[in-house]
Amino acid sequence: LSLYSSPARETKYVENPKTELEEGVSHLRHVMEPYTAWCQLGLWFVFSGLELTDRSKVKVDSSLCSGFFSEGYEFLQKPPAGFYPRLGVISFAGIIGLFLARGSKIKKLVYPAALMGIGTSMYYPQQAVAVAKVAGTQLYDWSLQGYIAVESLWKDN
């Protein structure tokens with residue numbers, strides 16, 4: 001036996017066969033490839049009233065959607081005092097809601113929305129009262145319509 005040489009090893013790479021899920025994802029990616037390329041080229045921005053000037057900058061066309069986008073852009077450039085901390089608290093409440101909503105799918109919808117609503121109502125109480133009033137009248141109208149529908153079914157029988 002030589003101390004300085006090692007015997008040649010015969011290794012062979014064997015690729016694992018693809019599962020049905022991997023095949024499905026691969027097929028979906030190939031089908032969606034033209035659409036993702038279309039979005040990456042910026043055609044979506046052109047058709048929605050925006051023009052891609054650079055890969056990282058979006059120029060707003062003044063004729064289409066300019067009011068909405070320019071107001072939002074200005075608002076995020078010069079937010080009111082305390083906007084980002086409030087946004088953080090409301091977002092954190094939603095994340096806590098997702099954490100607490102283990103189990104059913106209904107909990108995953110209700111808990112984050114409820115906690116975010118509570119967080120928002122703490123910071124914007126006047127708007128919360130206005131939304132509650134509108135929601136209350138809508139709920140009353142829907143319950144009244146349901147009552148009338150059930151009553152008409154009851155009378156028919």
Side-chain angles (χ1 to χ4, degrees), residues 15-52 55-61 63-157:
E15 188 172 327
N16 292 334
K18 289 186 177 180
T19 64
E20 188 175 327
L21 177 64
E22 289 174 333
E23 288 288 334
V25 170
S26 175
H27 178 69
L28 181 65
R29 289 174 107 184
H30 287 295
V31 169
M32 296 302 291
E33 190 173 16
Y35 303 108
T36 56
W38 182 64
C39 290
Q40 288 173 351
L41 289 174
L43 292 176
W44 181 82
F45 291 112
V46 172
F47 288 125
S48 67
L50 299 174
E51 187 178 319
L52 209 61
R55 273 284 191 212
S56 62
K57 295 181 182 178
V58 175
K59 177 184 167 190
V60 178
D61 186 14
S63 62
L64 300 172
C65 306
S66 64
F68 176 76
F69 288 111
S70 63
E71 287 176 11
Y73 180 75
E74 289 174 11
F75 182 79
L76 291 176
Q77 289 298 324
K78 299 174 187 173
F83 173 74
Y84 289 120
R86 290 177 182 179
L87 181 67
V89 168
I90 294 167
S91 301
F92 187 69
I95 292 170
I96 294 295
L98 281 174
F99 179 72
L100 294 175
R102 287 189 236 143
S104 82
K105 292 180 181 179
I106 294 174
K107 284 183 183 179
K108 289 181 182 179
L109 291 174
V110 173
Y111 283 19
L115 288 177
M116 287 174 70
I118 291 169
T120 305
S121 65
M122 287 184 348
Y123 287 118
Y124 304 103
Q126 294 172 341
Q127 291 86 348
V129 168
V131 168
K133 285 181 182 178
V134 170
T137 57
Q138 285 290 332
L139 188 61
Y140 177 73
D141 289 342
W142 288 340
S143 64
L144 191 58
Q145 289 174 2
Y147 177 76
I148 291 169
V150 169
E151 186 180 38
S152 67
L153 287 173
W154 187 269
K155 286 184 180 179
D156 289 343
N157 291 335

Closest approach of G97 and Y111, non-hydrogen atoms and distance?
-> O-CB, 3.6 Å
Would you say [atom1] of [X] has more than 12 non-hydrogen atoms from neighbouring residues, nucleotides or ligands within 6.0 angstrom?
X: L144; atom1: CG; value: yes
X: F92; atom1: CZ; value: no
X: E20; atom1: CD; value: no

In chain order, what residues pass the ring-ring contact (aromatic ring centres under 6.0 Å, His included) check against Y123, with sequence neighbours excluded?
-> none
Atom pair [atom1]/[atom2] of [X] and [Y] - distance to nearest 0.5 Å:
X: L153; Y: E151; atom1: CG; atom2: CD; answer: 10.5 Å
X: I118; Y: I90; atom1: CD1; atom2: CD1; answer: 12.0 Å
X: L100; Y: I95; atom1: CG; atom2: CD1; answer: 12.0 Å
X: D141; Y: T137; atom1: CG; atom2: OG1; answer: 6.0 Å
X: K108; Y: F99; atom1: NZ; atom2: CZ; answer: 12.5 Å

Check: S26 side chain, E22 main-chain N or O, donor-acceptor pair, under 3.5 Å = no
Examine distances only and state if a side-chain atom of S91 and a backbone atom of G88 form a donor-acceptor pair shorter than 3.5 Å.
-> no
